[in-house]
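First the structure, in the form of structure tokens, and then the observations on it.
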Amino acid sequence: GALLVGPPGTGKTLLAKAVAGEAGVPFFSLAGSDFVEMFVGVGASRVRDLFQDAQKAAPCIIFIDEIDAIGKSRDSRFGGNDEREQTLNQLLAEMDGFDTSKGILILGATNRPEILDKALLRPGRFDRRIIVDKPDLKGRFETLKVHSKDVMMDETVDLDALALATAGLVGSDLANMINEAAICAVKKGRKYVNQADLFEAFELVAVGGKEKKDRVMSEQERKIVAYHEVGHALIDKLLETSNELHKVSIIPRGGALGVTWTRPKDEKLHVSKEKLIAKITMSLGGRAAEEIVYGEDKVGTGASQDLQNVTNLAKKMVTQWGMSEKMGTMAYGKSQEHVFMGRDFGHQRDYSEEIAYQIDSEMKRIVDECYENAKKLLTDNRDMMDALANELLEHETLDEKEFEEIMERVKSSRA
Ligand code: ZN
């Protein structure tokens, strides 16, 4: 089995259908919510029926959309849902039970992989993940081309410009947009769709109508976000934090305007002070880049999560890990950070106001030093930062290889 993971509207169902089409085999498709019934036992028997039909038709593909509706983690704190649990157990049993030589492929789709029951993700079940992400500039252009194929458009239409303006939209939004533009043209008594119709429809799809968590960014915002993300990633590279830079992107998703994904090259439980300092510096890189490029009073609110992370790390360095010379190798505060019923009751103080003040000033010292260093690193490499931000604005996503190539290019042009 394989799990297609991605936000709604990115074409997970289409992809599954296309796989079945290419393979030339029967395609069984059901949504997770179809299994969840009022009556206990109905869902489980539907799963049984589905697999029986599939066995008969094998080789074939079974597609279960919104698998999170049945596959939600069972260790829920407030008691489970019997019906869903039975259905899930039946699904697990069927997946383990069927004859693997028969050629049944199971595809599941979800936009919330983190809530899935671990048992579903074990080897032999949904052990492969395929990320179906929001389309980048090129992806949007190609999607627009497909959907506009059968719509008559006049010579003002510029799909390139439209693709550029629609960062954050998914395939179904784009299809919807072209449809709305066609309606718009008809209303105005025209036979052909023009660029103005498309932009009008774009506003309808992106802003009005259904509420959008990921709003579309203005040109200025895109620039700020590009510098912010490059600030993180460039410091990560310059400090050689032994992180692997997975991807830098300014395609908005899930409320965040951009992302810099890194993952440690090897997973270590023991983290050195040096690494933590590097991590804080990198987290401050986004804010530092904004300040360098736009000045202190122009920095946006985009760094609030970064600053939260930085504060948490600095606090732990001082109060739990004994990494401040001034405060000594001592733990302050009862360190049982209870996570109880999902709520973090946090730290309990068992020290004086005086100590609390010292802890705060030590944290501030660490963060200030890191911030100054972040600014220095970026200022010293301003040419690199500019080149990277420009490329990111143009391509919206850079992977590690592309990122390093740009760094190399700038380096060699310095000589
Ligand atoms: Zn950031």
Side-chain angles (χ1 to χ4, degrees), residues 224-225 227-243 256-258 260 262 264 268-340 342-382 385:
I224 296 176
V225 173
Y227 270 103
H228 181 104
E229 299 307 330
V230 164
H232 285 308
L234 184 55
I235 287 186
D236 189 59
K237 283 277 151 212
L238 291 170
L239 287 177
E240 290 167 18
T241 53
S242 72
N243 277 331
L257 296 177
T260 300
T262 59
K268 281 205 196 91
L269 287 171
H270 180 82
V271 185
S272 67
K273 181 175 172 182
E274 192 193 353
K275 287 247 171 71
L276 288 165
I277 291 285
K279 193 161 182 209
I280 292 178
T281 312
M282 181 208 157
S283 300
L284 290 166
R287 176 61 168 266
E290 286 184 46
E291 190 187 321
I292 292 166
V293 180
Y294 296 98
E296 209 171 331
D297 33 296
K298 287 269 167 51
V299 293
T301 52
S304 63
Q305 187 56 46
D306 295 337
L307 299 183
Q308 194 63 51
N309 297 343
V310 163
T311 311
N312 289 343
L313 267 184
K315 181 156 199 171
K316 282 188 177 158
M317 285 178 72
V318 177
T319 61
Q320 287 181 35
W321 299 328
M323 288 178 178
S324 146
E325 271 164 42
K326 198 170 163 212
M327 301 305 291
T329 42
M330 219 184 120
Y332 298 90
K334 297 190 182 76
S335 69
Q336 71 280 36
E337 278 179 66
H338 270 314
V339 179
F340 175 65
R343 259 177 77 192
D344 184 355
F345 283 103
H347 232 61
Q348 274 177 357
R349 240 176 68 177
D350 60 355
Y351 43 79
S352 66
E353 274 307 310
E354 170 67 21
I355 297 282
Y357 176 77
Q358 284 177 23
I359 289 172
D360 283 349
S361 64
E362 268 302 275
M363 282 167 59
K364 186 167 181 326
R365 184 187 59 78
I366 292 173
V367 175
D368 283 350
E369 280 175 17
C370 289
Y371 190 60
E372 285 312 312
N373 191 32
K375 275 203 291 191
K376 185 175 182 311
L377 281 167
L378 294 176
T379 312
D380 291 349
N381 293 282
R382 177 71 197 251
M385 182 166 72

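For this chain, numbers begin at 1 and follow the sequence in order.
- Pairing each heavy atom of Met385 with each of Ala289, the nearest pair is SD-CB, 3.9 Å.
- In this structure, NZ in Lys279 is found 13.0 Å from CD1 in Ile277, a value given to the nearest 0.5 Å.
- Residues Leu238 and Leu377 come closest through the heavy atom pair CD1-O, 4.1 Å.
- In this structure, Leu378 and Ala288 approach most closely via the heavy-atom pair CD1-CB, 4.0 Å.
- Contact record, Lys375 with Ile292: O-CD1, 3.6 Å, taken as the closest heavy-atom pair.
- The nearest pair of heavy atoms linking Asn381 to Leu234 is O-CD2, 4.3 Å.
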**OP:** Carefully, step by step, assess Gln358 and Glu362 under the rule side-chain hydrogen bond (donor to acceptor under 3.5 Å, both in side chains).
**Re:** CA-CA 6 Å; Gln358 284 177 23; Glu362 268 302 275; over 6 Å; no
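- Look at Glu372 and Lys376 and you find no salt bridge, because none of the NZ, NE, NH1 or NH2 atoms lies under 4.0 Å from a carboxylate O.
- Among residues two or more places apart in sequence or in another chain, the side chain to side chain contact (heavy atoms under 4.5 Å, CB included) test is passed with Glu274 by Ser272.
- The minimum heavy-atom distance linking Ile235 with Ala374 is given by the pair CD1-CB, 3.5 Å.
- In this structure, the side-chain hydrogen bond (donor to acceptor under 3.5 Å, both in side chains) partners of Asn309, at least two apart in sequence or on a different chain, are Gln305.
- Between Thr319 and the choices Met323, Met317, Lys315, the side chain to side chain contact (heavy atoms under 4.5 Å, CB included) rule is met once, by Lys315.
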